[in-house]
K.L.:
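Handing you this structure, nothing more for now.
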Amino acid sequence: QVLLVESGGDSVQAGGSLTLSCSVSGYTYRKIWFRQAPGKEREAVAMIYTSLGATDYTDSVKGRFTVTQNNANNTMYLQMSSLQPEDTGMYYCAATTRGGHWTDPANYEYWGQGTQVTVSS
């Protein structure tokens, strides 16, 4: 069983920065940040392999977001900068003990409760 707890969501102005945290307990193969805006599908944002530390990002956040992890305290982070209104949404961390394509929500067995990010123009 893997438990995930997000924190750090807030309301910020466009151009601002924010860092989200995801506390993880249990073994994971890969961890990811998804986001979901009202009326839209859940979107994969950034992922990191727990052992290798390799990362990948959706195109819209490349150069602005950075996903990292601290395996000593079992926490994953999402550093977000140059935030835009289109980054608004509920941000979820998720994890899998298996594989599968990294952007597919169906490939993640464990989910946090979400943390809200609101970016105003």
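These values consider heavy atoms only, across backbone and side chains, with no hydrogens, waters or symmetry-generated copies.
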K.L.:
What pair of heavy atoms forms the shortest contact from V2 to A95, and how long is it?
P.N.:
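For V2 versus A95, the nearest heavy atoms are CG1-CB, 4.5 Å.
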K.L.:
What pair of heavy atoms forms the shortest contact from V61 to V45, and how long is it?
P.N.:
CG2-O, 3.7 Å
K.L.:
So, do R30 and M47 sit near enough that their side-chain heavy atoms are less than 4.5 Å apart?
P.N.:
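Yes - at least one pair of side-chain heavy atoms lies under 4.5 Å apart.
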K.L.:
Scan residues 14-28 for pairs that pass side chain to side chain donor-acceptor pair (under 3.5 Å), counting only residues two or more places apart or in two chains.
P.N.:
T28-T50
K.L.:
With side chains defined as the heavy atoms from C-beta onward, is the minimum distance between Y77 and N70 less than 4.5 Å?
P.N.:
yes
K.L.:
Roughly how far apart are I32 CD1 and L4 CG, rounded to 0.5 Å?
P.N.:
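Reported to 0.5 Å precision, the distance equals 12.0 Å.
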K.L.:
Does Q13 use its side chain to pair, donor to acceptor, with the backbone of S120 at less than 3.5 Å?
P.N.:
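No: the side chain of Q13 does not pair with the backbone of S120.
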K.L.:
Could you tell me whether a side-chain N or O of E6 sits under 3.5 Å from a main-chain N or O of C93, the two making a donor and an acceptor?
P.N.:
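Looks like yes, one N/O pair under 3.5 Å.
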K.L.:
Which heavy atom of V117 sits nearest a heavy atom of D87, and at what distance?
P.N.:
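Shortest heavy-atom contact: CG1-O, 4.4 Å.
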K.L.:
Do the non-hydrogen side-chain atoms of M80 and Y91 ever get within less than 4.5 Å of each other?
P.N.:
yes
K.L.:
Determine, using ring centers only, whether F65 and W33 are less than 6.0 Å apart.
P.N.:
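They do not qualify: ring centres at least 6.0 Å apart.
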K.L.:
Y110 versus T96: any side-chain heavy-atom pair under 4.5 Å?
P.N.:
no
K.L.:
So which heavy atom on P105 is nearest to which on T103, and how close?
P.N.:
CD-O, 3.3 Å
K.L.:
Is it possible for you to check whether R98 lies under 6.0 Å from the centre of the six-membered ring of Y29, through NZ or CZ, and within 45° of that ring's axis?
P.N.:
no
K.L.:
Keeping the roles fixed (side chain from S81, backbone from R64), state whether a donor-acceptor pair exists under 3.5 Å.
P.N.:
yes
K.L.:
Specify whether W111 and F34 have parallel, tilted or perpendicular ring planes, treating 30° as the upper limit for parallel and 60° as the lower limit for perpendicular.
P.N.:
tilted
K.L.:
Within the side chain of E109, is there an N or O that forms a donor-acceptor pair under 3.5 Å with the backbone of T97?
P.N.:
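Pair found, side chain donor or acceptor close to backbone of T97.
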